[in-house]
Trainee: 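Quick one: this structure, given as structure tokens, is what I'll be asking you about.
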Amino acid sequence: MNDPIQIALAGNPNSGKTTLFNHLTGARQHVGNYPGVTVDKKEGTLTHGNCPINIVDLPGTYSLTAYSVEELVARDYLVNERPDVVVNIVDASNLERNLYLTCQFLELGVPMVIALNMVDVAEKRGIRINTKTLSSLLGVPVIPIVARTGKGVEALLESVESVSPGQEHLEILLRYGSDIDQTLNTIVPLIKENNLLTDLYPARWTGLKILENDEQIIDKVMLTDRSMGQQLVDRGEKLTQHLQSTVDAYPEAVIADHRYGFIKSILRQGVMTLTFDEDRLYTSDKIDKVVTNRVVGPLIMAAILLGLYSFTFNYSTFLVDWLDAFFALVSEVVDSSMSEGPLKSMLISGVIDGVGGVLGFVPIIMFMFFGIAVLEDSGYLARVAFMMDRIFHFFGLHGSSVMPFIVSGGIAGGCAVPGVMATRTLRSPKERIATLLTVPFMNCGAKLPVLTLIISAFFSAHQARYMFLATVAAWLVALLAAKFLRMTVLKGESTPFVMELPPYRFPTLRGLFIHTWERTWQYIKKAGTVILGISILLWAMMTYPGLPEDRTAEFDTKREQITASSSPDSKEQLLQIDALQAETALRNSYAGRIGIGLESISQFAGFDWRTNIALVGGFAAKEVIVSTLGTAYSLGEVDPESTTSLSARLAKDKNWNPVVALSVLAFIMFYAPCFVTVVAIAKEAGTWKWAFFSMGFNTILAFTMSVGIFQIGTLLGFA
Ligand code: GDP
Ligand code: MG
């Protein structure tokens, strides 16, 4: 047998790399990490004819800069491992953007075959691509495929085999404008003469990277030859100054512009033709003129988001009421059909109250997700991202930060865990960390029930308005925190933004229902498993250790005395004794002890020990705050027949008032993320440092805000 051919699959995210990889390798694959970083390294093998082939699925990237780990991993792999052939997967339905990466492979001079994927999608959209012309203009083979069905894959493999190993670098010379070309012409010979990294990279590429201010390459050059390196960097700086004063742009931007120009000119030469559907694109453009207008756009956006809230809250109430009634009924049935004891107590206070409290919010979440699905499927959400980009830049974040924020609950009701994972698309490590540290400030689906509970208890007259304000506050705090982080621990330049606006579409009802259901189901699953477990654990913490026997006996004696005295208000007195006993027991429990211990600090923000218990439980998952409050308050409940809801109980409680409610709201919105998010942050940042940072930073920030609200509110007499 021949030596195996080494192939690297490279392309943009979502171009179909993994699909092709799986199709090629079937079960013969394994996943590891690239040395030193948490980026998946997938490897697999296959035999084509009698030719063994090893394949690596490189991380998906849009570019080959030194901004992100993925991009560094991809280019280091290409340079250090020298695969025989790079299979560049290009999404035919997004040709222009995908070819940007292709350009950079050409610059790097790697032996390459282009797999033009998703030609089925392109065809459906009326995009026709002339692969012959494309191939001759780029100087590399272009093979149309459909990775999902395997169409064209055989031809692709044949083409791969025909690329001779060690094939000479293709010299497609991109031009970058006279200023940059001139500088390149002076520094490239210097790089060649001094053998700067010439064993690794083409000299022209090294020169280009120095002009692009690529940290990794500049460091390497400096290590090889300090004085020569300095001379090259100085040339680069001179060019930067010149471009700044003439065209007000950095060399990176000018270089990127010329790459796009190169692509555009290629596509114009009969490579791409649109056969239909121009109408829809045209209509989209017309809609966008209004919808993304500088003045009108944000107004429309605010109106749409406010509308979403009204829809969510006004139309879901009847279902919420039904569910509440249902769980009250179940409680009653269990109460009347079981004998007293720990099991009954656990069922009512741990299971039914806990799960019921969380499931009771399913209708709201369903309506909310339905509304979001409409925005997402119609294409409007991308416009929100587009408009938000201007703002994001100002706060030291990137346009691509918008999606993580929205996923995390930027439109209330997401989840920070996928939000943290969505930061993978960010290129600059600093912008990425700033984003993943601030997305937990958003109002995730788990915080919604808590916010709704407190808002309906104290501000029920303006529920929708308060929820909208909560969203605005979340954004404001997240952005200010991001700005603060980017000015202190995460100082550094911002990176430029590329994003596209898909044409508007009418969402299909089926698509909407599937999206709504998927997300709601995720929430229910979480409630049914994690939350149930934690709810029972917390019930145990709130029940054990019970009161010592002598204390119980004391209460029993008092009861007997009252019964014996047969005074007219004895019934009331008995109930008071019951309440006192329940409260004493809760204070004595493990949870009570923690809550009381924290009261010495939390009093400055107006939280009593029951609230403390719930907030501690909220570390595990924010949903738990509701169920814990429910358990805490029903355990201390005076009248077992009472069916008043938790929010009514809070509204009546002497330790609560509107100022306390606001203070608690602020704390819940901004304190430490739940532990699942914390774990995700540690994983994505590649270090626990940032995970612990987020817990400490957020909690201190939240507590400071709560203390401020409580103290000022009390001073002004709103309490
Ligand atoms: P990756 O991010 O590059 O690994 O992309 P994936 O392999 O995960 O593919 C992204 C999506 O595109 C998946 O939903 C695939 O099923 C879909 N996909 C991939 N190749 C094709 C194709 O040739 N035609 C169509 N219609 N869909 C495809
Ligand atoms: Mg993939």
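As the structure lists them, so they are numbered: ligands from 1, and atoms in each ligand from 1. Keep in mind that the numbers below use all heavy atoms, side chains included, and drop hydrogens, waters and symmetry copies.
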Trainee: N/O of Ala147 under 3.5 Å from N/O of ligand 1, yes or no?
Mentor: yes
Trainee: When you compare the side chains of Tyr201 and Lys220, does any donor N or O come within less than 3.5 Å of an acceptor on the partner?
Mentor: yes
Trainee: From atom 10 (C) of ligand 1, work out which of Asn14, Val119, Val121 has a heavy atom at the shortest distance.
Mentor: Asn14
Trainee: For ligand 1, indicate whether the residue Asn117 contacts it via side chain, backbone, both or neither (heavy-atom separation under 4.0 Å).
Mentor: side chain
Trainee: Just to verify, what does Lys264 make a salt bridge (Lys or Arg N to Asp or Glu O under 4.0 Å) with, not counting sequence neighbours?
Mentor: Glu96
Trainee: What pairs with Phe405 under ring pair (Phe, Tyr, Trp, His ring centres under 6.0 Å), at least two apart in sequence or on another chain?
Mentor: Phe392, Trp475
Trainee: Heavy-atom distances under 4.0 Å decide this one: backbone, side chain, both or neither, for Thr19 against ligand 1?
Mentor: both
Trainee: Using a heavy-atom cut-off of under 4.0 Å, does the side chain or the backbone of Thr18 touch ligand 1, or both, or neither?
Mentor: both
Trainee: Among Leu106, Thr102, Val86, Val113, find the residue that satisfies the side-chain contact (heavy atoms from CB on, under 4.5 Å) test when tested with Val140.
Mentor: Leu106
Trainee: If we count only N and O atoms by modelled type, under 3.5 Å, do the side chains of Ser63 and Gln104 hold a donor and an acceptor together?
Mentor: yes
Trainee: For the pair Glu158 and His48, evaluate side chain to side chain donor-acceptor pair (under 3.5 Å) and give the outcome as yes or no after the intermediate values.
Mentor: CA-CA 9 Å; Glu158 266 156 31; His48 178 245; 4.6 Å; no
Trainee: Among Ile145, Leu116, Thr149, Asp120, whose heavy atom sits nearest atom 24 (N) of ligand 1?
Mentor: Asp120
Trainee: Between Pro13 and ligand 1, which residue portion shows a heavy-atom distance shorter than 4.0 Å: side chain, backbone, both, or neither?
Mentor: backbone
Trainee: Show me which atoms of ligand 1 lie under 4.0 Å from any heavy atom of Val146.
Mentor: 22 (C), 23 (O), 24 (N)
Trainee: I'd like to check Glu107 versus Leu208 (side-chain heavy atoms, cut-off strictly below 4.5 Å). Are they in contact?
Mentor: yes
Trainee: With a 4.0 Å cut-off on heavy atoms, is Ser15 touching ligand 1?
Mentor: yes
Trainee: What part of Asn12, side chain, backbone, both or neither, has a heavy atom within less than 4.0 angstrom of ligand 1?
Mentor: backbone
